[in-house]
Number of protein chains: 2
Amino acid sequence: MPHRSYDQYCSVARALDVVGERWALLIVRELLAGPRRYTDLHADLPGVSTDVLASRLKDLERDGLAVRRRLTRSGATYVYELTPRGRGLLPVLAALADWGTPALEERRPTDAVRAHWLAIPLLQRLAPLTGPHTGTVGVQLDEGAFHLRFDESGPGYGDGPAEQPDARLTLSAATCLEVTRGTLALARGVKEGRIELDGSGPLADALAER
Amino acid sequence: MPHRSYDQYCSVARALDVVGERWALLIVRELLAGPRRYTDLHADLPGVSTDVLASRLKDLERDGLAVRRRLTRSGATYVYELTPRGRGLLPVLAALADWGTPALEERRPTDAVRAHWLAIPLLQRLAPLTGPHTGTVGVQLDEGAFHLRFDESGPGYGDGPAEQPDARLTLSAATCLEVTRGTLALARGVKEGRIELDGSGPLADALAER
DNA sequence: CGGCATCCGTGACGATACTG
DNA sequence: CAGTATCGTCACGGATGCCG
């Protein structure tokens with residue numbers, strides 16, 4: 001929570017007291033992809049100034065959303081990692097992603113792009129398709145790789161390729177967006193050769209059906 | 001969208017470009033309760049300055065989230081009303097409310113209170129209970145009244161009493177919060193005399209069961 | 001009187017430079 | 001590498017004034 005509060009006895013205002021400031025939710029979006037170093041965060045958040053990033057990270061720590069941890073035992077480098085409370089913001093980011101996806105049609109030349117920024121909306125789209133099946137789906141784009149996790153503790157995602165994916169999707173970012181928007185069914189994309197779907201097992205089968 | 005953008009090709013960032021600025025989502029929360037005049041908004045949002053409120057309302061209009069409409073035909077007073085796009089932010093506010101409710105335990109002396117600020121979290125709690133039943137639930141607190149709508153177009157809420165509620169709840173704000181948090185079942189509150197539940201029909205029956 | 005616009009002081013933000 | 005220090009700019013909050 002910043003030192004400025006809305007001073008309202010309202011759960012929405014309370015939430016915004018903590019994560020309503022500029023850059024806060026985007027930092028959480030980065031940390032949802034896994035532990036990150038300060039420099040990684042600064043690299044993947046073009047435009048954020050170093051002092052604001054440092055200040056937000058302190059706020060996240062103080063409010064119990066993230067912890068600062070040594071990367072290796074007795075090493076000098078630190079990583080920031082979300083606590084369960086911080087990971088609880090995934091539904092908030094998912095709702096924002098759902099609402100914001102229609103505004104994603106035009107890609108402005110000034111826009112930065114990272115592969116895992118597509119993880120949340122794709123997770124939203126695929127979650128109803130997986131049903132009860134659990135596992136990991138690796139996604140390979142030209143711009144980079146990320147993976148989606150479906151397990152009993154709820155959905156999640158991470159940056160980089162998955163270690164042992166139960167299914168693997170290879171597609172372009174544009175195709176990924178079509179799937180996200182619902183204008184392209186996964187099965188149809190596979191049939192048309194625009195999506196490569198690898199893997200066997202119930203999770204891959206469930207994806208191939210839809 | 002303010003004149004400052006995150007410049008990221010990401011649906012979350014796009015959403016925050018539009019509604020990420022201070023007060024924006026709280027203005028939307030007010031407008032979700034129904035059309036509001038400028039003065040009403042200013043009265044129910046303690047702390048917002050007049051120019052920021054005017055600026056945010058212009059932004060909401062320009063971005064297609066709200067429209068400015070004459071209250072009466074050929075009258076001098078205007079009201080601001082959400083468009084469908086603006087009402088589409090209810091899931092975002094609901095997710096924020098879910099996440100923020102645990103932080104609502106302590107009520108600080110500086111906190112402002114409005115009855116309908118409890119509408120979103122209560123709506124979230126009651127929505128799974130109503131099942132397929134549609135209708136309106138009037139809620140009467142000491143601090144004021146609001147009502148919840150359950151119909152095929154999705155859940156919603158409004159300020160003030162309902163015209164013809166299918167069910168009516170009378171309870172204290174503290175009791176309402178217990179229900180919201182899930183620490184008090186509706187049926188148990190009724191049995192203990194802390195909640196008065198009036199009304200007949202499937203919606204009232206569905207609420208009485210749980 | 002409702003609906004802003006203007007002015008001003010303060011604090012947040014963004015860019016760059018610098019340090020342990 | 002991981003921040004802190006500095007500084008100019010802009011956004012915010014409060015008060016006041018204008019205008020229908």
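Throughout, a chain's letter reflects where its sequence line sits, starting with A, and its residues are numbered from 1. Here the structure is a predicted model, which means the values were calculated and not measured.
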> How large an angle, rounded to 10°, do the end axes of the helix from C/dC1-D/dG20 to C/dG20-D/dC1 enclose when each is built from five base pairs?
Replying inline: 30°
>> Is it true that A/Asp151 and A/Thr134 share a donor-acceptor pair across their side chains at a distance under 3.5 Å?
In response: no
>> I'd like to check the salt bridge (Lys or Arg N to Asp or Glu O under 4.0 Å) partners of B/Arg149; sequence neighbours left out, ordered by chain and number.
In response: none
> Between B/Arg36 and B/Tyr80, is NZ or CZ placed under 6.0 angstrom from the six-membered ring centre and within 45° of the ring axis?
Replying inline: no
> Taking protein heavy atoms under 4.0 Å as touching, what does nucleotides 11-17 of chain C look like 5' to 3' if B marks base contact, S marks sugar-phosphate-only contact and - marks none?
Replying inline: -SSBBB-
> Starting at the 5' end of DNA chain D, which residue's closest nucleotide do you reach first, A/Tyr6 or A/Tyr80?
Replying inline: A/Tyr80
> So B/Arg69 and B/Glu81, salt bridge (charged side-chain N to carboxylate O under 4.0 Å, His left out) or not? Walk me through it.
Replying inline: CA-CA 7 Å; B/Arg69 187 169 57 81; B/Glu81 188 170 26; 2.7 Å; yes
> Strictly by modelled atom types, are B/Trp117 and B/Glu143 linked by a side-chain donor-acceptor pair under 3.5 Å?
Replying inline: no
> Checking side-chain hydrogen bond (donor to acceptor under 3.5 Å, both in side chains) for the pair A/Gln8/B/Asp111: CA distance, chi angles, key distance, verdict?
Replying inline: CA-CA 5 Å; A/Gln8 295 186 356; B/Asp111 280 341; over 6 Å; no
> In terms of side-chain heavy atoms, does A/His147 have a donor or acceptor partner in A/Glu163 at a distance below 3.5 Å?
Replying inline: no
>> Need two values: the first and the last nucleotide of DNA chain D, 5' to 3', having an atom under 4.0 Å from any heavy-atom of chain B.
In response: D/dC12 to D/dA15
>> Rounding to an integer number of Å, can you tell me how far B/Arg37 CZ sits from C/dG3 P?
In response: 6 Å
>> Would you say that more than 12 heavy atoms from the other residues, nucleotides or ligands in this model lie under 6.0 Å from the CZ of B/Arg114, or not?
In response: yes
> Can you list the residues that meet the side chain to side chain contact (heavy atoms under 4.5 Å, CB included) rule with A/Glu106, with sequence neighbours excluded?
Replying inline: A/Arg108, B/Arg14
> Over how many whole Å does the gap from B/Leu60 atom CG to C/dC4 atom P extend?
Replying inline: 13 Å
> Is there any ring pair (Phe, Tyr, Trp, His ring centres under 6.0 Å) pair reaching into residues 12-48 of chain A, and which pairs are they, with sequence neighbours excluded?
Replying inline: A/Trp23-B/Tyr6
> Rounded to the Å, how far apart are B/Leu41 CG and C/dG2 P?
Replying inline: 13 Å
